[in-house]
Amino acid sequence: MKLLHTADWHIGRTLNGYSLLDEQKYAFKQILQIAKDEHVDGIVVAGDIYDRAIPSTEAITTLNEMFKILNIDNHFPIYAISGNHDGAKRLNYGRDWMEFNNFYINTLLEESFKPIETNDTQLFLLPFFDPMDARVYYQKKGLDEASVKDIRTIGDAMSLVLDDMYKLFDPAKKHVLVTHFAVSPSAKDIDLTSETTSKVGGLETLNATQFDKFDHVMLGHIHTRFASPSENIRYSGSPIKFNVKEAKTTTNKGFYIVDTTKKSERTDLREITPGTDLIVLNETWETLVDPKFYSKQPVDQDWFAITIKDFDRTKHVSTNIRAQLQDIYGTVVELDYKNIENKNTEAESQDINQLNDESVVDQFFESITGNELSKEQKSIVDDIFVELRSE
Ligand SMILES: [Mn+2]
């Protein structure tokens, strides 16, 4: 079967208070179009469908419309799971009757041991869960107490879960797992030259070797496809850029079109073009306000994250920096300064542990609003910390 693999929609997410809904809708239109063009047999959404456990009504309306267009208007089956951002018990509302329209959504571990059977493929939908969920599940199932206590890490839990899944395998079919975890590459696949893989690790991380028996593992959780542990165990990444760090890379976001009867390939990727892009500028004040410079920028069209480099604040005490930049560029979602006196220091940012609590709030406020806290605001912050410390 041919599946469209996407994940981490995070519907309702904001960027420094700016709603990303329009951008999410724009990406959705491209997902829909390609699903139609490619005549896929289903849409996989591998968790973090919403951005939060209790989404806004706007987010709910938007997602409802998207799923309606896919599943009712265009008859695409949907195969979805909850991620760590979703409220598992809320998201599974309507699950039992949605299934009648080929809309499958698993949000609880106990729902994951009934694969969806198609002509050539068994699809296992395993939502995000934690070791405690696994303990509860296996205790109920009658596993002995000592073995239940042995479930300490997510790796322990996953071994049990996967063993139970492997028992359900129909050898005549391909096996696809949809899940939502941090998975690191197995030793043989580690590319020592890649920065991404070396950063993935730790207690919460699973190892790719655990999933060896699956033909394809469609992952959510990490927002970039470049963190994929191997060719057949892949993150699709999120459909849009969620923060400035991501915007610094020029590569587009995307999703995969996978024929489950074949091996995964690089050519499975379909790119998503941003509607309103996020442009990162790192320039001096003089350059930023120079018409020769900004006339070449997509002002009033895209969003901007601006760092003013070599900035001498003493020369601009009476200027409302943010207002002036917004006049020129339109939407400035993030504003930062690099002071001229720090020019030669290596560290780009200060070590937060070196700052006291008040300064952290102070600098955060400044980086977001472009203004310093007023005397009155400062005294409110001070009071709060005094109160907190006395508790
Ligand atoms: Mn996510």
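Nothing fancy with the numbering, it's 1 onward along the sequence. Start at 1 and go down the list; that is how both ligands and their atoms are numbered. Side chains are part of it too, since the values below use all heavy atoms of this structure and drop only hydrogens, waters and symmetry mates.
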What class does the angle between the rings of F113 and Y137 fall in, given that below 30° is parallel, 30 to 60° is tilted and above 60° is perpendicular? parallel
Do any of the N, O or S atoms of H85 sit under 2.8 Å from the Mn ion (ligand 1)? no
Hey, is there an N, O or S on H221 sitting under 2.8 Å from the Mn ion (ligand 1)? no
Calculate the angle formed at the Mn ion (ligand 1) by NE2 in H10 and OD2 in D48; 10° precision is enough. 90°
Work out the angle at the Mn ion (ligand 1) between OD1 of D8 and NE2 of H223, rounded to 10°. 90°
Is a side-chain N or O of E38 found less than 3.5 angstrom from the main chain of I34, in a donor-acceptor match? no
Does the D41 side chain pair with the main chain of M1, one donor and one acceptor, at a distance under 3.5 Å? no
Tell me whether the guanidinium CZ or amine NZ of R270 lies under 6.0 angstrom from the six-membered ring centre of Y256 and within 45° of its axis. no
